[in-house]
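The model shown is predicted, which means the values in this text are computed figures rather than measured ones.
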2 protein chains.
Amino acid sequence: MSVTIYDVAKRAGVGIGTVSRAINNSGSIAPRTKEKVLAVVKELGYRPHASARGLARRRTNTIGVVVPFFTGYFFVELLRGIQGEVSKFQYDLILYNVDETNKKEMILRKVLQERKVDGMLLISLEMTNNEVWELRRSRLPIVLVDSYHPDLDSVTVENRRGAYVATQHLIRQGHSRIGMIDGHLKSSPARVRLEGYKNALRDHDIGFRREYLVISDYVTGEDGFNRKAGYQAMKQLLHLGSNRPTAVFVSSDIQAIGAMKAIEEDGLNVPNDMAIVGFDDIELAQYIGLTTMRQPMFEMGKLAVDRLVECITDVVTNGFKKVFHTSLIVRNTCGALRHQSHNQIT
Amino acid sequence: MSVTIYDVAKRAGVGIGTVSRAINNSGSIAPRTKEKVLAVVKELGYRPHASARGLARRRTNTIGVVVPFFTGYFFVELLRGIQGEVSKFQYDLILYNVDETNKKEMILRKVLQERKVDGMLLISLEMTNNEVWELRRSRLPIVLVDSYHPDLDSVTVENRRGAYVATQHLIRQGHSRIGMIDGHLKSSPARVRLEGYKNALRDHDIGFRREYLVISDYVTGEDGFNRKAGYQAMKQLLHLGSNRPTAVFVSSDIQAIGAMKAIEEDGLNVPNDMAIVGFDDIELAQYIGLTTMRQPMFEMGKLAVDRLVECITDVVTNGFKKVFHTSLIVRNTCGALRHQSHNQIT
DNA sequence: TTGAAAGCGCTAACAG
DNA sequence: CTGTTAGCGCTTTCAA
């Protein structure tokens, strides 16, 4: 069958212990022996069997990423960052998807007990205290990405501030009837962005109007951060007729794209009839000239992996919290550049 | 530490063999015993250790997906289909990414020898005869997706026919100066689509003009199926001035989006000055009204997994070839609907 | 420095 | 039907 450590040992005329030491540069081993063994390893094309090694070493060199649904573009960018960094550390990556069938608790329990992974990245996942307690008890290294819990390491973004700045930007363009389209409030970024939006209104003495807030949860089981949800939400705002807002802060770019479709269908113009600011800065935002709050998704993924690997390999103390900044990217949909030339593709 | 099969056995007052039989419903076991064991399993929250099981059983219940880069939107759709089906079969999914650092051969060898997965899906990966030979020798079940080799199972799409239909559609709109923007020719879909394009021209007595064909390989290391590449390629076509084509078949929607940006920047209009047909039907195609050839990405992923699992669990004969059909989705960028109303979001 | 041997936790063959 | 035992392939003491 496959070549094993015994084959290598026999061929090199040594014991299997020596082979193991050679390939792991562990213990002490004579340079000459090591060389000889490594030559045989290459000759036979030997590579340790992952399960055997995992069993003996209690480490799989695999990390798990748990994502709620395929949240789409945000997640893809993040995954890019994660994937690159993971493979840099010579780890493999298992993708766990939570949805209606695979409930979060089930997956977490499964992952914790099977010990198929050495650590986990939980993406945009709201954790209850109970769940956190279980996680900590299992001693499996965990890093939260795009969500927060005081007792776990996390990599997040300044959602409150970001939403605040976005809203403020709209206010500064002279708007006072400013709506918001948000994702489902079970998502904590969605909740926090709503706060930021409200704070900005309050600080500028603009009253919050319930009818100007639309929470997208159009499709059950999803988080509302998708194009259709944005489309539906904007339709709802447009039904307000002449009372409609003149500007809307949309909680994700992909929803903003849907929203703009709705506006266009109504024969209205962005930004003249309705100004829009999104959130995320996905690749397409640039293309369609969407003003948005950039979050450094790629870097977030990368950093989360760095931290996770650190937790796995070193003994570290808990309490890592990294909060990335968002930045306002002004393009055409907010009206600020109304009389300037279009931006270039870079 | 973690609860093992011994803990369960002791608590239930049986041997470990019995526990194993109970949780695997293998061998024969008295209903009462089984019940008792299962109760203890639940009580203790026992779950077999993946590595130990993998070692003993020689099966990991994991499948690997190898993708070249993150080919973007096409891949995301595919992954959706794959992920859903994989978890339906109770498998986990390891994502391997091939890029400059992680060369294809390295990854394949690694995967074949580590035996971390029970089977592999290779996405859009061109395989040499040599590689195929090694794959077959390893006896690891493999299914090719979006690429083809006579000696391996594969799930593909009618690229030639698709490109033919797209081009023909443009011809039928009255165009005779028809260009093509293609991905890098190391990608077999790119090559085959080029053939389809040429065939359509030939069958309609239109000469192939070298200057109307632009191969995007703008960014090294990528396959050209991205927005910037499409943008650059269209720029190049527009440099032809009044000799430029009046219609272009673009090999992927995401390139088409870039191409349309270039057209717009030149102050030209789609479809009046330049008609466009794309390929893929990614989610955004609908939004921007892009006429395109739809390929059933989700279904392709699903079917590939079905077949792979079949290969893993049953003894099957080689030679599975599924070719999905493409279908022309007429929207606004080809000019066919010039005088009709816009399409709706569905 | 190195070989031999004892597990790692589980499955599966083998007695009973 | 069920307990015992021999591996699965590797890492890691423990002597030598």
Specify the separation, in whole Å, of atom [atom1] of [X] and atom [atom2] of [N].
X	N	atom1	atom2	value
B/Lys10	C/dG9	NZ	C1'	14 Å
B/Leu55	C/dA12	CG	C1'	13 Å
A/Arg57	D/dT12	CZ	P	7 Å
A/Asn24	D/dG9	CG	P	17 Å
B/Ile16	C/dA12	CD1	P	12 Å
B/Glu114	D/dG9	CD	C1'	14 Å
B/Gln113	D/dG9	CD	C1'	14 Å
A/Lys36	C/dT2	NZ	C1'	11 Å

OP1 or OP2 of [N] less than 4.0 angstrom from a side-chain nitrogen or oxygen of [X], does that happen here?
X	N	answer
B/Arg53	C/dT11	yes
B/Arg115	D/dC8	no
B/Thr18	D/dC1	no
B/Tyr46	C/dC10	yes

**Study point:** Polar side chain donor-acceptor pair, B/Arg53 to B/Asn24, under 3.5 angstrom
**Key:** yes

Check your understanding: Regarding A/Lys116 and B/Thr60, is there a side-chain donor-to-acceptor distance under 3.5 Å anywhere?
Key -> no

**Study point:** Closest nucleotide among C/dG9, D/dG9, C/dT1 to the A/His49 side chain
**Key:** D/dG9

Sugar-phosphate, base or nothing in reach of [X], heavy atoms under 4.0 Å:
X	value
A/Ser28	base
A/Val19	nothing
A/Ser51	nothing

Quick check against the 3.5 Å criterion: does [X] have a side-chain atom that pairs as donor or acceptor with the backbone of [Y]?
X	Y	answer
B/Asp153	B/Val143	no
A/Lys321	A/Pro150	yes
A/Lys104	A/Glu126	yes

Review point. Can you find a donor-acceptor pair, distance only, under 3.5 Å between B/Arg21 side chain and D/dG3 base?
Key: yes

Check your understanding: More 5' along DNA chain D: B/Ala52 or B/Tyr6, using each one's nearest nucleotide?
Key -> B/Tyr6

